[in-house]
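For reference, the structure is listed below as structure tokens.
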Amino acid sequence: MPRKFCSIFFVSALTLIFKTTAYAQPQKGRFINASIGIGITFPYDDFDISGSGFYAQAEYVMGIKTWFGVRPYAGFILTSPADSDNPNLADFKVSSKAFMFGGKVRVVAPIPWVAPFIEIGVGASIGAFETFTPLTNIDESGAFIHIPYSLGLALGPKHNVELAVTYYEHPSLEQVNGGVGITLSFPLRN
């Protein structure tokens, strides 16, 4: 039943996007988006192990339509292992120290003042990663492919302030890192 609900929601959201002309990105055109927030890291394994720290990202936004845009990005994340409440997990940790870059596409629901959006793309991370759990033992440095995805809200009359949760999934490292933050949009003049 939940899968059927997700399908109905997705089709309804796409229908709304294609049927309306309200602004859902600041405007068509080119922008720079700057994000800053709290960095988080957690393993694929279902254990109470995480890392926290700092996250920042910049995007070059190409607003093709008011509801669709392409976004090359670059950013970094620095997370340190957090203490676990479970004494049995005290020796396990997850952390990331990486520079990230890639490209995403954004689809926005065209709702005035509060426009929800989703993003997905592909990118690479260069840095050091640790994923130590009872089931995983990874300590790697180098370049790795990641899959970025985001959920957020574009706020204001021109949607130039955003609140978002962005994740970067690293299948080869068996960890997900990301950030929770605020984004400001700055238009570029021609």
Side-chain angles (χ1 to χ4, degrees), residues 30-62 69-108 116-154 160-186 188:
R30 303 200 186 285
F31 301 84
I32 296 291
N33 279 5
S35 303
I36 190 166
I38 299 168
I40 53 174
T41 305
F42 50 92
Y44 278 9
D45 300 330
D46 191 20
F47 294 102
D48 183 23
I49 302 168
S50 65
S52 62
F54 180 75
Y55 157 82
Q57 177 179 278
E59 298 174 329
Y60 178 69
V61 179
M62 293 173 275
V70 177
R71 298 163 174 265
Y73 65 89
F76 65 93
I77 187 163
L78 302 169
T79 64
S80 300
D83 294 331
S84 177
D85 294 335
N86 185 340
N88 295 330
L89 299 175
D91 294 333
F92 299 105
K93 61 184 174 179
V94 63
S95 68
S96 301
K97 293 168 183 53
F99 171 75
M100 303 170 295
F101 61 93
K104 308 183 272 190
V105 295
R106 175 184 283 191
V107 177
V108 184
F117 62 83
I118 58 172
E119 297 175 337
I120 192 159
V122 67
S125 299
I126 301 171
F129 304 87
E130 294 179 312
T131 310
F132 294 122
T133 72
L135 304 175
T136 306
N137 187 357
I138 297 173
D139 185 1
E140 295 283 340
S141 296
F144 304 93
I145 298 294
H146 67 247
I147 301 165
Y149 50 94
S150 303
L151 295 171
L153 297 171
N160 55 353
V161 176
E162 299 172 2
L163 299 174
V165 177
T166 302
Y167 293 108
Y168 303 89
E169 194 161 328
H170 293 86
S172 64
L173 301 168
E174 297 189 37
Q175 72 170 235
V176 176
N177 56 44
V180 178
I182 188 166
T183 303
L184 299 177
S185 182
F186 305 98
L188 296 175

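All of these numbers come straight from a predicted model, not from anything done at the bench.
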Considering only distance and modelled atom types, tabulate donor-acceptor pairs under 3.5 Å from the side chains of residues 127-135, sequence neighbours left out.
from, atom 1, to, atom 2, distance (Å)
Glu130, OE1, Ser95, OG, 2.9
Thr131, OG1, Leu173, O, 3.0
Thr131, OG1, Gln175, NE2, 2.8
Thr133, OG1, Asp45, OD2, 2.5
Thr133, OG1, Leu135, N, 3.1
Thr133, OG1, Thr136, N, 2.9

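One distance of note links OG1 of Thr183 with CG of Asn160; it measures 11.5 Å at 0.5 Å rounding.
Side-chain atoms of Val161 and Leu184, non-hydrogen and from C-beta on, do get closer than 4.5 Å to each other. Annotation: side chain of Ile32 is in contact with side chain of Tyr60 (closest heavy-atom distance under 4.5 Å). Using a 4.5 Å heavy-atom cutoff, the side chains of Pro81 and Phe92 are not in contact. Counting heavy atoms from C-beta outward, Leu163 and Ile182 have side chains that approach closer than 4.5 Å. Residues Ile126 and Phe101 are in side-chain contact: their nearest non-hydrogen atoms beyond the backbone lie under 4.5 Å apart. Looking at heavy atoms from C-beta onward, Phe31 lies out of side-chain contact with Glu59 at the 4.5 angstrom threshold. Residues Tyr73 and Asn33 are not in side-chain contact: their nearest non-hydrogen atoms beyond the backbone lie 4.5 Å or more apart. In this structure, the side chains of Thr79 and Ser52 stay at 4.5 Å or more apart for every pair of heavy atoms.
For Phe76, the side chain to side chain contact (heavy atoms under 4.5 Å, CB included) partners are Phe54, Ala56, Leu78, not counting sequence neighbours. Taking Tyr149 as the reference, Tyr167 meet the ring pair (Phe, Tyr, Trp, His ring centres under 6.0 Å) condition, with sequence neighbours excluded. For Val122, the side chain to side chain contact (heavy atoms under 4.5 Å, CB included) partners at least two apart in sequence or on another chain are Ile145. Annotation: salt bridge (charged side-chain N to carboxylate O under 4.0 Å, His left out) contacts of Glu119 (sequence neighbours excluded): Arg71, Lys104, Arg106.
Residue pairs meeting the salt bridge (charged side-chain N to carboxylate O under 4.0 Å, His left out) criterion with at least one member in residues 32-44, sequence neighbours excluded, do not occur.
Counting all heavy atoms, side chain and backbone alike, Phe186 lies closest to Ala34 at CE1-CB, 4.3 Å. Contact detail for Pro148 and Gly123: the closest heavy-atom pair is CD-N, 4.1 Å. Nearest heavy atom pair, residue Gly178 against residue Tyr168, reads CA-CD1, 3.9 Å.
Results of the side chain to side chain contact (heavy atoms under 4.5 Å, CB included) test with His170 over Ile138, Thr41, Asn177 single out Asn177 as the only residue that passes.
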